[in-house]
Every structure is written in structure tokens, then in C-alpha cells.
Protein chains: 2
Amino acid sequence: MHPSLLQDAGCPKEIPHNEKLLSLKYESLDYDNSENQLFLEEERRMSFLGFKCLEISRWVICGLIGFLTGLIACCIDIAVENLAGVKYFVVKQNIEKFTEVGGLSISLILWAVLNAAFVMVGAIIVAFFEPGAAGSGIPQIKCYLNGVKIPRVVRLKTLVVKVCGVICSVAGGLAVGKEGPMIHSGAVVAAGVSQGRSTSLKKDFKIFEYFRRDTEKRDFVSAGAAAGVSAAFGAPVGGVLFSLEEGASFWNQMLTWRIFFASMISTFTLNFFLSIYNKKPGDLSSPGLINFGRFESDVSVCGLLGALFNILNYWLTIFRIRYVHRPCLQVMEAMLVGAVTATVSFAMIYFSNDCQPLGPDQSEDYPLQVHTHTHTHTHTHTHTIVETQLSPFQSTIFLLFCADGEYNSMATAFFNTPERSVRSLFHNPPGSYNPLTLSLFTLTYFFLACWTYGLTVSAGVFIPSLLIGAAWGRLFGILLASITPDGSIWADPGKYALIGAAAQLGGIVRMTLSLTVIMVEATGNVTYGLPIMLVLLTAKIVGDYFVEGLYDIHIKLQSVPFLHLEAPATSHWLTAREVMSAPVTCFNRIEKVGTIVDVLSNTSTNHNGFPVVVPVAVCGLILRSQLIVLLKHKVFVELARSRLTQRKLQLKDFRDAYPRFPPIQSIHVSQDERECMMDLTEFMNPTPYTVPQETSLPRVFKLFRALGLRHLVVVDSENRVVGLVTRKDLARYHLGKHGLEEMQLAQT
Amino acid sequence: MHPSLLQDAGCPKEIPHNEKLLSLKYESLDYDNSENQLFLEEERRMSFLGFKCLEISRWVICGLIGFLTGLIACCIDIAVENLAGVKYFVVKQNIEKFTEVGGLSISLILWAVLNAAFVMVGAIIVAFFEPGAAGSGIPQIKCYLNGVKIPRVVRLKTLVVKVCGVICSVAGGLAVGKEGPMIHSGAVVAAGVSQGRSTSLKKDFKIFEYFRRDTEKRDFVSAGAAAGVSAAFGAPVGGVLFSLEEGASFWNQMLTWRIFFASMISTFTLNFFLSIYNKKPGDLSSPGLINFGRFESDVSVCGLLGALFNILNYWLTIFRIRYVHRPCLQVMEAMLVGAVTATVSFAMIYFSNDCQPLGPDQSEDYPLQVHTHTHTHTHTHTHTIVETQLSPFQSTIFLLFCADGEYNSMATAFFNTPERSVRSLFHNPPGSYNPLTLSLFTLTYFFLACWTYGLTVSAGVFIPSLLIGAAWGRLFGILLASITPDGSIWADPGKYALIGAAAQLGGIVRMTLSLTVIMVEATGNVTYGLPIMLVLLTAKIVGDYFVEGLYDIHIKLQSVPFLHLEAPATSHWLTAREVMSAPVTCFNRIEKVGTIVDVLSNTSTNHNGFPVVVPVAVCGLILRSQLIVLLKHKVFVELARSRLTQRKLQLKDFRDAYPRFPPIQSIHVSQDERECMMDLTEFMNPTPYTVPQETSLPRVFKLFRALGLRHLVVVDSENRVVGLVTRKDLARYHLGKHGLEEMQLAQT
């Protein structure tokens with residue numbers, strides 16, 4: 001969750017910036033079906049064939065999700081390459097014009113201004129149009145899959161802003177990647193496609209109506225996230241694992257297979273269209289937005305740098321939440337970062353004396369370019385054309401501040417796109433980089449990336465992390481080779497770059513299984529699987545000792561009521577009686593309309609679920625959204641009697657209102673109608689899950705988490721309602737340094 | 001579950017052989033903790049540090065599991081190679097002696113007798129000592145993880161018999177693999193190590209006592225199964241996915257990481273010790289009992305053959321259950337198969353005229369051997385030594401019935417170990433196999449493998465499936481190449497062999513995600529990932545249309561109350577009222593000892609869980625095993641009063657009795673004691689999960705499956721017990737051809 005998210009709807013005065021707080025403004029999603037009579041009737045009416053059809057449409061939707069996600073990845077890739085190409089072309093002409101007259105500062109300014117302009121566009125659309133599109137979107141998707149309703153996270157507008165934003169920020173030369181946002185994009189696509197309509201565009205295709213509820217939507221969103229990973233890294237299996245490791249708690253084989261299917265289609269689509277774009281149709285050998293080239297084939301210290309990154313970013317985020325929460329300020333900060341990035345890189349190239357001699361072989365005129373090119377030609381045909389476009393300018397830059405027959409190795413590290421730099425660090429032959437250059441580069445890039453993550457732009461942290469890790473991994477490899485001159489097997493610093501990249505990324509995001517598979521699939525070789533695993537596990541253990549993962553930090557800073565997989569270990573002391581909210585507002589089975597309207601309008605208690613009792617024992621549970629639909633359609637007992645022809649309310653009416661149920665204020669109920677009665681029997685969930693008051697917190701937690709509940713009714717031995725447990729009641733307890741801690745609730 | 005499992009404890013007359021039956025003899029495991037007062041007190045007494053220690057011991061145990069599993073894999077590998085070497089040596093001497101005098105039939109008989117002898121030993125130990133060790137053990141582990149208690153499935157004796165059995169059956173030349181049994185072995189190791197004692201050896205190390213309950217044990221068993229896969233195929237990620245796809249329903253990150261850790265350690269251990277055995281310590285480049293060599297680099301019809309295999313094996317299994325259920329008969333059948341396998345292969349080699357010319361290159365004297373050898377030398381150093389031992393004999397065989405300068409290609413297909421044959425089919429250059437030879441081989445081996453699976457020997461179906469698939473895949477490739485002479489990219493039949501192998505195995509076992517990863521990890525190349533995925537999905541869809549997967553067939557034939565992931569689609573008609581068992585035997589909180597003993601001794605109602613009521617409302621649930629421990633320790637109210645110094649019963653007493661609680665008959669309760677009272681308050685689970693009577697079956701199912709319940713109390717609106725839902729009540733309903741069907745319950 002990005003800080004700017006907080007500003008939607010009227011700039012709250014007090015912004016939570018304390019991880020000991022829990023925001024009340026996030027609602028939960030209903031991952032437990034409300035099995036009311038309408039629902040059961042529909043299910044019972046449906047034939048075996050009907051269920052088969054539903055199953056088939058699920059597969060079709062997953063295929064569509066994969067296809068569209070792959071297409072979006074393809075668009076982003078092409079747009080970024082072309083925009084960057086135009087930018088390079090302009091700067092190149094400028095440099096050529098001014099190098100003779102010595103006015104390099106003009107080129108620098110042009111370069112910085114161009115970058116800042118791109119970043120400005122990206123920041124403006126994010127800050128002013130859709131703050132939810134900021135950042136990588138991975139924390140938001142994590143929260144969504146966990147069951148927290150993040151406002152506007154899966155809307156079409158978010159997708160559009162996200163895609164444009166990421167194109168601008170990558171083209172603007174920020175230390176960001178385009179991979180993280182793909183995961184969010186995939187999720188939005190999934191949420192859109194599976195509903196068969198667009199609420200934003202007011203277009204209803206009247207298909208897939210069965211899937212218009214939170215449970216089904218969540219399953220598709222996990223498929224979308226997987227498809228996003230798959231498109232970003234060419235890692236279908238990694239995508240499935242990412243989706244499961246980060247999101248789902250309930251492992252369902254059929255769902256897994258569908259997610260897998262979506263992932264495969266996504267990779268395939270991306271490859272197919274990129275191969276057409278590169279005029280080599282049918283050549284599917286370059287999966288993913290990034291691949292590392294193929295390694296034709298040990299473990300180091302790690303995790304610490306990742307933890308440092310997270311801590312720095314944590315402080316920065318707190319600072320941002322406190323002081324940089326106005327859109328204009330955010331745009332300015334983003335522009336500043338863009339300009340600083342350009343200036344710093346320019347300055348470092350200028351002042352760096354690391355001029356490497358060009359190889360004796362004439363065909364390797366510009367070692368980096370040519371080398372990358374060769375590699376690309378052999379294995380990844382994706383970027384070939386773009387590289388051909390850029391090389392004249394880039395070679396100019398690379399050779400710029402060096403004597404003839406030499407090239408500037410700092411420039412190669414800074415002026416490539418991050419994806420290409422990572423590949424160079426992995427594959428360039430030993431001796432391509434000077435240790436000093438690498439150290440300087442690592443240090444600078446580390447702080448730049450740390451500053452960049454959390455800006456109000458759409459951007460991912462994967463690639464910058466990999467780049468930092470690859471740089472210091474290679475550095476480590478070079479140092480090791482210099483102290484062990486005899487060990488030829490230690491000689492390839494590219495291997496250390498790979499291991500370092502894995503360690504750094506693992507230290508920042510703290511994924512193990514899925515990241516291992518993603519790295520293996522992206523390198524195209526399982527030989528490095530075992531060292532990568534070891535490094536990721538180590539990075540996780542070391543990093544966890546200091547601070548949480550980056551995504552978890554951001555989730556916590558936004559005070560999201562996020563439920564972890566298990567209750568805190570020492571929480572057996574607590575029982576449902578202590579954690580529940582009480583007293584609970586209950587309704588009778590046949591309730592006066594006035595009472596219902598009053599309860600729903602009461603802003604001080606913003607309840608979303610109400611137990612239904614008869615006369616005191618719990619007999620059902622009804623949701624605010626259901627009551628609103630009932631009120632809107634005026635399903636009153638008296639009206640039903642008088643107007644015999646009135647259409648019976650159907651599940652379709654609830655589905656049409658989903659997911660944007662109107663607020664209670666928009667529903668007009670006359671004074672006469674207030675005296676009417678409403679019969680809730682048919683619409684309430686007659687079998688809500690209940691627990692006795694003595695149930696321990698871990699047990700409540702397990703039930704809640706395993707079934708994806710939103711409300712859990714606490715009853716006494718006679719089945720009378722004594723309380724209600726919601727997500728916030730459970731998320732409040734967490735393990736601090738001094739044992740179990742209780743977070744406070746904040747309205748914002 | 002193997003048929004012979006049925007014969008433990010007194011040969012039941014009526015053996016279920018109908019998949020419409022559900023056996024009552026299988027108990028469930030308690031995957032939901034009984035959170036009674038004792039448990040809560042212990043948890044509350046434990047400090048934060050205590051939980052940390054527990055967490056660390058979990059990791060230590062997982063490491064141990066991985067280590068031991070790898071070691072066992074190593075032992076099996078070495079033993080099989082040495083035994084086979086001895087066998088080959090004896091036969092070779094015999095052939096050399098008799099070839100001159102023309103008495104080849106003597107060699108054949110010697111060969112068949114030797115094979116039959118090995119198989120006999122393997123069959124005898126399985127049939128007479130531990131029928132639970134038969135087959136691959138994968139269905140049993142699937143059931144265990146699902147929550148069904150299969151008698152003696154995770155005992156030390158089973159492990160010993162399994163390991164010896166698989167060595168004998170592989171050395172006996174049966175069409176089986178040693179990979180499947182590794183999964184079972186890993187699971188047994190896990191169940192043993194995690195308990196810190198061996199009940200069979202009467203040795204208690206007094207460690208890991210906290211883990212002595214079903215929930216914890218299950219988690220370790222999934223880690224063990226993963227470690228088994230990891231050791232068998234060198235596929236740590238595939239192992240994790242196998243464990244999750246086949247077993248667990250609740251996805252827990254921490255658990256996943258531990259499983260992953262166990263897998264890694266297992267692969268590492270196996271490699272390490274094998275590399276020492278092969279006198280190349282530190283060379284870890286050959287992961288797994290089988291690896292396919294590395295592929296340095298399309299989809300066909302599939303699934304049908306897998307389905308055919310399953311159908312044939314289904315009929316055969318029914319036949320076996322009906323007629324071959326006496327141990328002696330089983331041993332004889334196994335010996336027969338062993339002899340037939342030897343004879344058929346001998347005969348086919350003899351009558352086959354497929355003599356391929358030896359290559360012109362002198363260094364490739366015996367193309368298959370030399371070629372495999374070269375490959376092995378480059379990538380997998382594992383089998384080098386063994387091959388050097390065998391090659392003199394094998395070359396004799398290969399050249400035996402052919403002219404000088406030729407070799408018998410049928411012999412190469414039949415006389416290698418299946419692992420090596422698979423590798424040859426993948427990697428031998430085009431033209432190594434005659435299409436006719438391959439067809440004959442495929443056909444013969446198909447029926448042999450089908451006949452072999454389900455014999456009373458320890459054996460896996462993975463490798464035979466791969467071999468069949470590789471053979472017809474290569475055949476397909478050859479045919480395709482012959483009709484498209486121009487397409488050079490279609491020319492490598494080895495690729496088709498790989499795809500065919502994946503298709504055949506997928507069609508038989510119906511795994512997708514985990515099998516993809518296993519195949520990719522075993523080939524060491526992700527390039528084939530996408531085609532393998534496609535083929536596996538196709539195989540699954542096509543195969544599922546005809547018949548279930550092999551493991552599911554065997555589970556069904558054993559009438560195991562297996563809970564699938566979701567309730568049948570059309571089961572919303574049913575409610576808890578209809579599926580529950582009623583009336584339920586309930587106890588009072590303070591109950592007379594005589595009543596309890598009578599209820600427990602009543603053999604007609606073999607209940608395992610009893611709701612505790614006060615006076616009519618449910619206030620707890622107590623298990624048979626807990627009551628037995630209470631009776632054994634004579635925890636009577638009167639005794640507690642008189643003997644003030646009596647030690648209070650602790651959780652330790654329950655753990656000591658776990659998992660083999662004595663039967664009620666073994667506990668002596670005097671007539672006086674029958675009049676005493678027992679206070680169950682402290683020992684019952686005071687917060688059992690309850691559902692109202694109107695709850696639909698899918699909802700009950702979801703609760704049951706997600707939480708791993710054993711008993712679910714059904715209550716009315718006043719919280720009075722009206723019924724109890726157990727695993728068998730839910731497993732009874734399944735989707736047949738004509739909609740929802742209800743299975744019948746059988747005592748056996």
C-alpha cells in the first residue's frame with residue numbers, strides 16, 4: 001500500500017504512520033459464501049451439466065486472463081523500448097552537437113530534464129488520477145488475496161494508470177523495473193474479465209454472472225497475479241508458486257491447475273507477440289520481460305544488505321507518510337528523483353576514470369554492447385532490434401570520456417536499461433568491470449533504488465534489487481578471485497553476480513520457494529537451483545532477524561488488518577470472549593424497516609454483518625450489502641401482500657449491485673415505509689459459523705483463516721449471541737519484542 | 001493400498017472389491033488439536049523462547065529427515081547395482097560356458113530362476129512380514145495425508161521391508177522402478193524421526209515429545225514424502241509440489257519452507273554419498289536416483305495409453321482382490337511374473353532379427369553402451385563404475401544373436417536397467433532403434449508393467465511408465481521423421497521420447513504441476529517446460545475422461561474413506577441432518593466409569609468421539625483414546641479424593657500412549673471401580689466445532705476438509721446434540737455417471 005492511497009476521499013487529517021495502529025477504514029471481503037435460501041435454490045436448480053459448464057467457463061476465463069496479461073506485458077515492453085529509443089536519439093543528437101564546443105553541461109541538463117519530464121507525467125497520472133496505481137502493487141494484491149478490500153485496487157482505471165505510469169517511469173530512467181507492476185496488472189485483468197462487465201465503462205456483457213462474488217473473484221485474481229509473474233519473468237511455475245506463497249491459504253488442486261493454465265497462456269502470448277514484433281514469428285525462445293540469458297554451468301553472506309534496504313525504506317516511508325502526502329509534493333519528489341538519478345549517473349561517468357581498454361579483437365569494438373548483443377542473438381531475440389537502434393548513441397556515451405581504444409565501464413553500468421545491466425553483470429567475461437567502479441555503482445544505485453521505491457509512480461523493486469545484488473555479487477567474485485589466484489573454478493564472477501542478485505532480492509522481498517523457481521526459470525538452467533535455494537533461505541533467515549520483508553513493512557505502515565497464516569505463538573491466553581467485539585447489534589427475523597435504516601445509518605458503529613436472532617438464539621447472519629439491496633428493492637412484507645404480482649427478489653439483483661453497493665444515504669425510505677416489516681429469512685445466511693466463548697484465539701484464528709471468514713459469531717452455551725469476531729479483532733494481536741502486543745485501532 | 005493390506009488381523013471373509021463400498025475399518029486421524037485444559041495450560045506455561053525452540057527443533061527434524069532419506073536412497077542405489085552386478089556376472093559365466101555347446105536354454109533357465117529367486121525373496125518378506133510395504137506406497141501416503149489411518153503404514157518394520165523389497169524386485173529384473181518406494185520411505189523416516197522414539201524397538205529418546213500428535217506428525221510426513229521425491233528424482237521443488245498437490249490441503253508458508261528444506265537436504269545427502277561411493281567426492285552434478293542426462297536444446301496425442309493402462313490394472317486388481325489374496329498365492333504370482341519377464345525378454349531378443357550394424361567408428365564398438373557411457377561421463381558420474389563392471393557381459397548379450405559387427409537392439413532395450421533404458425531412448429542418436437523393435441518392445445513392456453503393478457512386492461510405477469512413454473514417443477518421432485523427410489527440426493526422436501514419457505506418466509498418475517517440475521528438474525533444462533506442461537494437462541484431461549488416476553483407482557478399490565478437495569458439485573440438496581450419524585452416544589461431564597466402559601466395549605458401535613453434554617447442550621468432545629488413557633490411569637473422582645498425593649494426569653501420559661492406544665479389552669476395571677465417577681471436564685475439548693442441522697453438505701465438507709476434522713457435532717438451535725458427522729458420512733457421497741451417488745458401508 002502506498003502512502004498516497006490514504007488520501008482518497010477527502011484528505012484525512014490524521015494519517016497513521018505507526019505500525020502499532022490498525023486502520024478501521026479497510027473493509028474485509030467475503031471469502032465465505034453466504035449460503036442463503038436464494039443461493040441454495042439456485043445451486044439445487046442447477047444440473048450436473050450446469051456445473052460442468054461453469055467449470056469450463058472457469059478454464060476459459062483463465063485462458064483469457066493469461067492472454068490479456070501477456071498482451072499487456074508485450075505492450076509495455078514495446079512502448080518502453082520505443083520511448084527510450086526516442087529519448088536516446090534526442091540526447092545523442094545534442095551531444096554530437098555540443099561535444100565539439102565543450103558544452104557538455106547542456107547535454108546533462110537536457111538529459112535530466114527529459115528524464116524528469118517522463119517521470120513527471122508518470123507521477124501526475126498516479127498522484128492525481130489514481131493513487132492506488134503507485135508502487136509495484138504487490139502489497140495491495142497480497143492484501144486483496146488475504147481478504148482486505150483495498151479501495152479501487154482492481155479497477156480498470158487503476159490498470160490504465162498503472163500501465164502508462166510504469167512506461168513513463170521506466171522510460172524516465174528511474175531505478176525501477178517493469179516486472180512488479182505486471183503482477184498488479186494481471187490481477188486487475190483477472191478481476192475485470194471474470195466479472196463479464198466493466199462497472200467503470202458501464203458495460204455489462206451478461207456473462208459470467210455466477211462469478212460475481214468475492215470468493216470466485218479471489219480465485220481469478222490469484223490466477224491473474226500468477227499470469228503477471230509468468231509474463232514478467234517467463235516463469236509459469238514460479239507464477240503459480242508466487243500466487244500460492246503470497247496469497248492463497250487454501251490449497252485447491254483444481255484452482256492450482258487453472259492458475260497454472262493462466263500462467264502458461266500468459267508466457268506463451270507474450271512470446272508470440274514479441275516474436276512477431278521482432279519479425280521472427282514462431283521463435284519462442286525468449287520467455288518473459290526479463291530473462292537472464294542462459295547460464296552454461298557457492299554461497300556467500302547475504303540478507304544483511306536486504307535488511308538494510310528495508311530499514312532505510314521504512315524510515316523514508318514514515319517520512320513520506322508524515323510530510324509528503326499532498327499530490328503536488330509527491331509529483332515534485334518524483335521529478336526530483338528523476339533528475340537526481342540522471343545527474344548522479346552523468347556525474348559518476350564523468351568523474352570516473354575507469355576506462356577499460358577495448359579488446360584486441362576488432363569485432364569486439366564495444367565489448368559490452370557487442371557481447372550483450374552476441375548473447376542476445378544466441379538466446380534471446382527479443383531486444384535485438386532495439387539494441388541495434390541504440391548502439392550508435394550508447395557507444396558514443398561509452399567512449400565519451402575515455403581515450404581512443406577504451407570504453408567507460410561506469411557508463412555501461414548506468415546507461416543500459418536495468419534488465420540489460422543485470423544480464424551484462426551475469427555474463428560479461430572476467431575483467432569487464434573494475435572493482436572500484438562496481439563498488440561506487442553498487443553504493444549509488446542502492447541509495448537511488450531505496451529512495452525510488454515508494455515514490456508516487458508505478459514501479460517495481462525486483463529489477464533494481466537484482467541489479468544491486470548482481471553488482472555486489474560480482475564485486476565479491478572479483479575479490480575472491482584475486483585472493484585465490486589458483487582456483488580456476490572460482491574465476492567466473494558472473495556466477496557470483498547471479499547468487500548475489502538472488503540474495504539481495506530474497507533479502508528484500510523474503511520469498512523462498514517461488515523466488516527460487518522464478519530465478520531458475522529465468523536463467524533457464526536448474527544447475528544453480530541448489531545454491532539459489534540456499535542463498536534465499538539464508539537471506540530470509542538473516543533478514544527476518546532484523547526486519548520484516550519490504551512488502552510486509554508497507555502493509556504494516558498502512559495499518560492494514562492483515563491476517564498472517566497463524567496466530568501469534570503465545571496467544572493461547574486469549575479466548576474469543578476477550579477478542580470479540582461486544583455488544584453486537586442483532587436483528588429479528590422479521591424486523592422493522594425503520595430499525596434497519598437507523599442501524600445502517602449510524603456512522604459511529606460501521607458494522608457490516610448482523611446476527612439474526614429468534615428470539616435470542618442465533619439463527620442467521622445478514623450482511624450490510626444484502627440489507628441495502630433489500631431496502632433498495634423495497635422487499636417489505638406489507639408491499640408483498642398488497643402487490644401480488646411483485647417480482648420475487650433473485651440472486652441476480654444482488655449480483656448486479658456487486659461489488660459497488662450504494663451507501664445507505666442514497667436510499668430513500670419514506671416515513672410510511674419505516675413502519676413496514678422486512679422478512680430476512682430468505683436472505684440471511686442460516687448457518688453462520690459459531691464458536692463458544694471459551695475458544696482460544698489460535699483456534700478462532702485457524703477457523704477464520706482457513707475458511708476466509710468475515711464475521712464469526714460468538715455464542716454462549718444456549719446459542720445466544722454474545723459477540724462478533726471480525727478481521728480487525730484478530731489482526732490486532734501480534735508478536736512484538738516483548739511478547740504479545742495489542743495494536744490500537746485508528747479511524748483513518 | 002495394496003490388496004494384501006486387507007489380510008491383516010484374521011483374514012476377513014468378505015473382501016470389498018467394489019468401488020461403491022466404503023470400508024468402516026479405516027479410522028481417521030485427528031488433524032484438529034484437542035484443545036483441552038491440559039493442552040491450553042501447557043501452551044500458556046510455555047514462554048516465547050519455548051516456542052522459538054520448538055520452531056528450531058522443527059527445522060532440525062526436517063534436516064534429519066532429509067539426511068536420512070537421502071542416505072536410504074543411496075543405500076538402495078548401491079545395493080541394487082551390486083546385486084545386479086553379481087547376477088550378471090553369474091549369467092555371463094554360464095553363457096560363456098554353454099554358448100559353445102549350444103545350450104542356450106540352460107542360460108535362459110538360469111536367468112529366469114535367478115530373477116524369480118530375487119523376486120521370491122522380495123515377495124515373501126512383503127507378503128508374510130509386512131503387507132503394507134507392497135506397491136509404491138504412494139496411495140497409502142496420499143491417504144495418510146488426507147487423514148485416514150492406514151494400519152502400520154509409517155512403522156519401522158514397513159520401512160525395512162520396503163527397502164529390502166524394492167532392492168529385490170529391481171534386482172530381480174521386474175518392470176518396476178525404485179523411485180515410488182522412496183516416497184513411502186521418506187514418509188516413514190519422517191514419522192519415526194519426528195516422534196523421537198521407536199515404538200517397535202521400545203526405545204524412547206525423550207525428545208520431540210511435543211510433536212507426538214497427529215497434526216504435527218502429518219506435517220513432518222509431508223516433509224518426508226517431499227524428501228523422498230527429491231531423492232528419487234533430484235527434484236527438490238518438485239518434491240515440495242508433489243507433497244502439496246497430493247497431500248496437504250492447508251497451505252502454510254512456514255511448513256512449506258520446512259518441507260523445502262528437507263527436500264534440499266535429501267538431494268544433497270544422496271549426491272554427497274554417491275559421489276564418495278563413486279570416488280569422486282564433492283562432485284554433486286548427478287542429482288537423484290534417476291536423472292535423464294541433460295538435454296541441450298511439441299506436442300502429440302496422449303493420455304489414452306495411460307487410461308488404458310489404468311483400466312487394465314483396475315481389472316487385474318479386482319481379480320487379485322477376489323482370487324489372489326493368500327500370501328502364498330501372492331508370492332507365487334510374483335515369482336511367475338519374474339520368470340515370465342525374464343523369459344519374454346530372452347525370447348524376444350532371440351527371435352528378434354533387429355541386428356543394427358555397429359558404427360564404422362571403432363571407438364563406438366557397442367553403440368548403446370559406449371554412447372550411454374559417454375553421456376554418463378559428461379554429465380552423470382553416478383553409474384560409471386557399475387557400467388564398467390557390467391559392460392563385458394552386456395556387450396556379450398548385445399552381440400549374442402547377431403553377426404559380427406552388429407548388435408541386437410532389442411537386447412539394449414530389455415537388458416539395461418529401466419533407468420538406463422529411459423536415458424538411452426532420450427539420448428541415442430536417430431537410427432539407433434528399428435521401429436519394429438520399438439513397437440514390439442513397447443507392447444510387451446506395457447503389458448508386463450501393467451501386470452507387475454499391484455504385485456505383492458515393493459515397486460514403483462514411475463520408471464516403467466516413463467519407459468513405455470519414451471518408447472512410443474520415440475516411435476512416434478521416427479514415424480514423423482520418415483513422413484517429413486525435409487524437416488530437420490523434427491529429426492531428433494529423443495525429444496519425442498521425452499514428451500511421450502511425460503504423457504504416459506501423466507496419463508497414469510494424473511499429476512500436472514508437480515510432475516512438470518519433476519521432469520524439468522530431472523532433465524536439467526527448462527526449455528522443455530512448456531511442451532511438458534501442455535502434454536501433462538492434455539494427458540490429464542483426456543485420461544480423466546475415461547478413468548481416474550492409478551492411485552485413485554487403488555484407493556477406491558480399497559474402499560478407503562478418502563475426502564476429495566471439494567464436495568460433489570450437485571450435493572447442495574443434502575444437509576447435515578441427512579448425512580450425519582444419529583443417535584449419538586453422549587457422556588455427562590461427570591460420568592460413571594461403568595457406563596464409559598460399557599460404551600467403549602460395545603463392538604457394534606465402534607465410536608471414536610463422544611460429545612459431552614450438560615445437561616443437554618453440548619459442552620465438549622472427548623475421544624476414545626483419551627478415555628482409554630483415563631481409564632488406564634484410573635482417574636476417578638473418588639480415588640482423587642482418597643489419595644491426595646496422587647499425581648495429576650498430564651499431557652505427557654497421553655503422549656506416551658500415542659499412537660498405539662491399548663484396546664479397551666486390555667484394561668481391567670473392577671466391579672467397585674465401575675461405580676466410581678470420572679470428571680471429563682479437564683480432558684475433553686471444550687470448544688468442538690458445531691454446525692446447525694440445516695448446513696448444506698458442501699459447507700460441512702469445507703469446514704471438515706479445511707480444518708482436518710475427525711468429528712463434527714451437529715446441533716439444534718438450543719445447542720443440543722442431534723448428530724455427529726465423521727469422515728465416512730462425507731466420503732459416502734460421490735459423483736457417479738448418473739449424478740450424486742451414495743456408497744454403502746462395509747465392515748471390512
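Per chain, numbering begins at 1; letters A, B, ... match sequence-line order.
Heavy-atom distances place no part of L54(B) under 4.5 Å from chain A, backbone and side chain included. Of the two parts of N33(B), only the backbone, made up of N, CA, C and O, holds a non-hydrogen atom closer than 4.5 Å to a non-hydrogen atom of chain A. Of the atoms belonging to P688(B), it is backbone heavy atoms, and not side-chain ones, that fall under 4.5 Å from chain A. For chain A, the nearby part of F39(B) is the side chain; its heavy atoms alone come within less than 4.5 Å. Within the 4.5 angstrom heavy-atom criterion, only side-chain atoms of T575(A), from C-beta onward, approach chain B. Only the backbone of E718(B) comes within less than 4.5 Å of a heavy atom of chain A; no side-chain atom from C-beta onward does. At a 4.5 Å heavy-atom cutoff, the contact between A569(A) and chain B is made by backbone and side-chain atoms alike.
Between D716(B) and Q693(B), the closest heavy-atom pair is CB-NE2, 3.3 Å. Residues H564(B) and F701(B) approach most closely at O-CE2, 3.1 Å, considering heavy atoms.
Within the 4.5 Å cutoff, the side chain of R699(A) has no heavy atoms near those of the V691(A) side chain. Using a 4.5 Å cut-off on side-chain heavy atoms (C-beta onward), S571(B) and P698(B) make contact.
Chosen from V517(A), L707(A), T516(A), the residue pairing most often with chain B at heavy-atom distances under 4.5 Å is L707(A). Of the listed residues (L40(A), V715(A), L703(A)), the greatest number of heavy-atom pairs within a distance under 4.5 Å of chain B belongs to L703(A).
Panel note: side chain S243(A), backbone V240(A); no donor-acceptor pair is recorded below 3.5 Å.
At a threshold of 4.0 Å, the pair E55(A)-R58(A) counts as salt-bridged, since one of the basic side-chain nitrogens sits closer than that to a carboxylate oxygen.
F51(A) and H572(B) have parallel rings, their planes meeting at less than 30° on a 0 to 90° scale where 60° marks the start of perpendicular.
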